[in-house]
Amino acid sequence: METNRSVHRNLIGGQWCEASDVTQNINPSDTRETVGVYARGGTAEAEQAVAAARAAFPAWSCTSPQLRHDILVRAAQEVMSRKNELGHLLSSEEGKTLPEGIGEVTRAANVLAFMAGESLRIPGDRTPGLMAGSDTEVTREPLGVVGVISPWNFPMAIPAWKIAPALAFGNTVVFKPAELVPGSAWALVDILQRAGLPDGVLNLVMGSGSQVGGVLSSHPQVDAISFTGSVPTGRRIAVDCVSGPVMKRMQLEMGGKNPLVILDDADLAIAVECAVQGAFFSTGQRCTASSRFIVTEGIHDRFVAAVIHRLEGLKIGHALDPATHIGPVVDEKQLFVDLSYIDIGRKEGAHLAWGGQRLELAAPGFYLQPALFTEVSPSMRVGREEIFGPVASVTRVRDFDEALHVANDTEFGLAAGICTTSLRYASQFKRHSQAGIVKVNQATSGLDYHLPFGGRKASSYGPREQGRYAVDFYTLIKTAYTSA
Ligand code: NAP
Ligand code: MG
């Protein structure tokens, strides 16, 4: 395709800028295929983008909510009307299957539409003050320039759920997507810009994390950072955010090692579906993936046998092949991480009950059979560290109490699930789980866009994302007192 050869440029101050450097966007399902050529900006472009966002802020922050609403609605409509094409692009660059890619694009459109509505519903309070004759108002104001830094695993939905509320509440944005997946990011920005954003309100700087991301998290003219990615990168960004003259507001969504508890009284078919869907679909590359199955003794062997049976029926293949259930790993580096952990698990004494082999298929890609470890003790590295691939471990426990203890025995706290038919255990798990998201008889992954999203412990830092709660991060509260 002709468009694949032309360079997709960065957007700074409303101009698609000439690229001084480029990257090839490689298809992980078939590394012979280049999905497109994308600009690779550096620190200079990042600085220019921050200046453009700063310059655009005063006017944009005073626009009518109706204008912001209408732009987001138009963008939502275009994303939705192009969901098949954009899903194809997303799956080509990230490697999730086409239905998963189209599903993610649909979610991005839904988020844009939801946040369009939120721009009309900015909350506030007006109450009598405590002094006679004093009126008080609590209002929310835009916070300024927001740096958005996103990971590769949800290349359109995560940018949408950060950029849409930023814009809805009157902020300007500099957006740095993950280098591995510039295509979906570029398409989203192009759509938003053509939907009517004034120049400089949304700026796109594709480029490396340390350079472009580093400028955003340390620049004194950036007021806030919304980041999703790994814990080590999040920590570094947090240090940058508080080291400058102005301590930035930050929202960090990071890794997980999410448990799925299966009790003796669980419906086996539901438990297997939750486990396989949550751990292995999207190639296990979801922050909410369940990578630890914590299973009580009475159901353990039946559960493991049924999961293996289900895994045997799954086809690993090209993301765009309609027969494929699980696409490739995103790149060679992540494949190496996954294989290294499979090796570590074996050496630690866990039993590799199924899979874990690299697959050579007709198309050269990063294919990996899902791996299931059993006899994993909670102290093993495969049971503690985030792998971020299709690798899950089974830990055998006596009863609910031990299951709950093992589930909470982690530095992470993003999502947790339980499969049980007992109201009592379901209620206790919801109450005592140390995770931000708890699921009962549902896979830990797969979440509603109108609800708050985020975790606890090392998984998250700062206010929640998404739904009506997004306003807390993207606005500043002012308390005003008036005597007339
Ligand atoms: P990552 O390596 O931490 O990268 C995330 C983003 O940060 C990328 O855009 C990256 O740029 C950028 N970055 C890297 N170094 C930086 C620096 N020094 N300063 C500023 N930005 C920098 O994470 P990933 O490998 O893309 O994504 C996988 C991780 O994301 C997993 O840990 C997963 O659990 C987590 N995740 C969490 C959630 C959640 O909501 N909790 C959702 C999805 C994913 P480049 O990579 O382009 O260089
Ligand atoms: Mg990375």
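Atoms within each ligand, like the ligands themselves, are counted from 1 in listed order. Note that the coordinates shown come from a computational prediction; the quantities given were computed from them, not determined experimentally. Throughout, residue positions are numbered sequentially from 1 according to the sequence presented.
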Hey, is Ile158 one of the residues with a heavy atom under 4.0 angstrom from ligand 1?
yes
Tell me if a side-chain donor or acceptor on Lys96 pairs with a main-chain N or O of Asn153 at a distance below 3.5 Å.
yes
Taking a cutoff of less than 4.0 Å between a non-hydrogen atom of the residue and any ligand atom, is Phe154 in contact with ligand 1?
no
Using a 4.0 Å cut-off to any heavy atom of Gly213, which atoms of ligand 1 qualify?
19 (N), 20 (C), 21 (N)
Are the charged groups of Arg194 and Glu78 less than 4.0 angstrom apart, N to O?
yes
Pull out every atom of ligand 1 sitting under 4.0 Å from any heavy atom of Arg236, numbered as shown with elements.
18 (N)
Quick one: does Ser150 get an N or O within less than 3.5 Å of an N or O on ligand 1?
yes
Part of Ile149 with heavy atoms under 4.0 Å of ligand 1, whether side chain, backbone, both or neither
side chain
Asn203 side chain to Gly200 backbone, donor-acceptor under 3.5 Å:
yes
Relative to ligand 1, is Glu386 under 4.0 angstrom through side chain, backbone, both or neither, heavy atoms considered?
side chain
Please answer whether the main-chain N or O of Ser20 pairs with a side-chain N or O of Arg40 as donor and acceptor at a distance below 3.5 Å.
no
Stepwise side-chain hydrogen bond (donor to acceptor under 3.5 Å, both in side chains) test for Ser291 and Glu386
CA-CA 8 Å; Ser291 46; Glu386 182 182 53; over 6 Å; no
Does Asn27 reach the main-chain N or O of Thr34 with its side chain, forming a donor-acceptor pair under 3.5 Å?
no
Is any N or O atom of Asp240, backbone or side chain, closer than 3.5 Å to an N or O atom of ligand 1?
no
Atoms of ligand 1 less than 4.0 Å from Ile237 heavy atoms?
19 (N), 20 (C), 21 (N)
Heavy-atom count check: over 12 atoms from other residues, nucleotides or ligands less than 6.0 Å from Arg9 CZ?
yes
At under 4.0 Å between heavy atoms, what of Asn153 touches ligand 1? The answer is side chain
For Leu414, which part has a heavy atom under 4.0 Å from ligand 1: side chain, backbone, both, or neither?
side chain
What I want to know is whether Gly229 and ligand 1 share at least one N or O pair that is separated by under 3.5 angstrom.
yes
So, the side chain of Lys83 versus the backbone of Ala109: is there a donor-acceptor pair under 3.5 Å, distance only?
no
Ser282 and its side-chain hydrogen bond (donor to acceptor under 3.5 Å, both in side chains) partner, picked from Glu94, Glu100, Glu104, Gln277
Glu100
May I ask you to decide if Pro142's main-chain N or O and Asn171's side chain share a donor-acceptor pair within less than 3.5 Å?
no
Answer side chain, backbone, both or neither: which part of Glu253 comes under 4.0 Å from ligand 1, heavy atoms only.
both
Just jot down the ligand 1 atoms closer than 4.0 angstrom to any heavy atom of Glu179, in number order.
45 (P), 47 (O)
Should one rank Ala415, Gly209, Gly207 by closest heavy-atom distance to atom 21 (N) of ligand 1, which comes out on top?
Gly209
Per-atom filter on ligand 1: closer than 4.0 angstrom to a heavy atom of Thr228 are 5 (C), 36 (N), 37 (C), 38 (C), 39 (C), 40 (O), 42 (C), 43 (C), 44 (C)
Identify, by atom number and element, the atoms of ligand 1 in contact range of Cys287, meaning under 4.0 Å from any of its heavy atoms.
34 (O), 36 (N), 37 (C), 38 (C), 39 (C), 40 (O), 41 (N), 42 (C), 43 (C), 44 (C)
Counting from 1, what ligand 1 atoms have a heavy atom of Gly214 closer than 4.0 Å?
19 (N), 20 (C)
If you measure every N/O of Trp152 against every N/O of ligand 1, is any gap under 3.5 Å?
yes
Would you confirm whether Asn10, through its side chain, and Met206, through its main-chain N or O, come within 3.5 Å as a donor-acceptor pair?
yes
Within ligand 1, which atoms have a heavy atom of Ala178 less than 4.0 Å away?
9 (O), 47 (O)
Ligand 1 N/O within reach of Lys176 N/O, cut-off under 3.5 Å
yes
Please check if the side chain of His8 supplies one atom and the backbone of Val37 the other of a donor-acceptor pair under 3.5 Å.
yes
N or O pair under 3.5 Å between Thr233 and ligand 1:
yes
Within 6.0 Å of CZ in Arg121, more than 12 heavy atoms from elsewhere
yes
